[in-house]
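None of the values given here were measured: they were computed from a predicted structure. Quick note: residue numbers are just sequence positions, from 1.
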Amino acid sequence: MRAASAPSWQPVADEAALQQVLQQPLALVLWGGAQCGVCQAIKPRLAQQVAAHFPQLPLYSVDCAQAPSACAQHGVFSLPVLRLMVDGRVALDYARVFGLQQVLSDMQRVLQQWADAQPR
């Protein structure tokens, strides 16, 4: 039996596309770039862990070399930056150095709180 494939990161090309992402109830956004070695290293690991623990969470990536104004407008000046967006707001924000296990633990807590607050 094959393991489920990890979800793919959807590219966000500009500020208009980013605004559409931010309108969603939930989104995990990785701000990085092709020249960021750490960004490229964590992308598949994050995708794999999200697929295992939060399969309904959409993944988005912003290449700051391709969309520098979007990055600057959102205060991203060092890479990588990982943000969990909940109802259009930053619920979790990690920059430069962060541990995957801590991210997953924090995401579990925030997403559970969000789910508990949803109307039944």
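A donor and an acceptor atom, one from each side chain of Q19 and Q23, are nowhere located under 3.5 Å apart. Y60 and Q24 form a side-chain donor-acceptor contact under 3.5 Å, judged by distance and modelled atom types alone.
To the nearest 0.5 Å, atom CE of residue M107 and atom CD of residue Q49 are 10.0 Å apart. Distance CH2/W9 to NZ/K43: 7.5 Å, rounded to 0.5 Å. Taking CD from Q113 and CD from Q118, the interatomic distance works out to 12.0 Å, rounded to the nearest 0.5 Å.
The minimum heavy-atom distance between A13 and A17, with the atom names listed, is N-CB, 4.2 Å.
Pairs of residues two or more places apart, or lying in two chains, that qualify as ring-ring contact (aromatic ring centres under 6.0 Å, His included) and include a residue from residues 83-114 are Y94-F98. The salt bridge (Lys or Arg N to Asp or Glu O under 4.0 Å) contacts involving residues 80-105 comprise R83-D93, where partners must be two or more places apart or lie in separate chains.
Linking ILVMFWY side-chain heavy atoms closer than 4.5 Å, directly or via other members, places V110 and L46 in a single hydrophobic cluster. Residues L82 and L79 fall into different hydrophobic clusters, defined by Ile, Leu, Val, Met, Phe, Trp and Tyr side chains chained together at heavy-atom separations under 4.5 Å. Hydrophobic clustering of Ile, Leu, Val, Met, Phe, Trp and Tyr side chains at less than 4.5 Å, counting indirect connections, unites V81 with M85. Hydrophobic clustering (side-chain heavy atoms under 4.5 Å, transitive across Ile, Leu, Val, Met, Phe, Trp, Tyr) groups L100 together with L59. Hydrophobic clustering of Ile, Leu, Val, Met, Phe, Trp and Tyr side chains at less than 4.5 Å, counting indirect connections, unites L111 with V50.
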Side chains of residues 25-40: which donor-acceptor pairs under 3.5 Å do they make with residues two or more places apart or in other chains?
unit_1: Q40; atom_1: NE2; unit_2: G33; atom_2: O; d: 2.9

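Considering L22, D63, L18 as possible partners of V12, the one that fulfils the side chain to side chain contact (heavy atoms under 4.5 Å, CB included) test is L18.
The local environment of CD in Q56 is sparse, with at most 12 non-hydrogen atoms from other residues, nucleotides or ligands closer than 6.0 Å. More than 12 heavy atoms of other residues, nucleotides or ligands lie within 6.0 Å of CZ in R109, so this atom counts as buried by the packing criterion.
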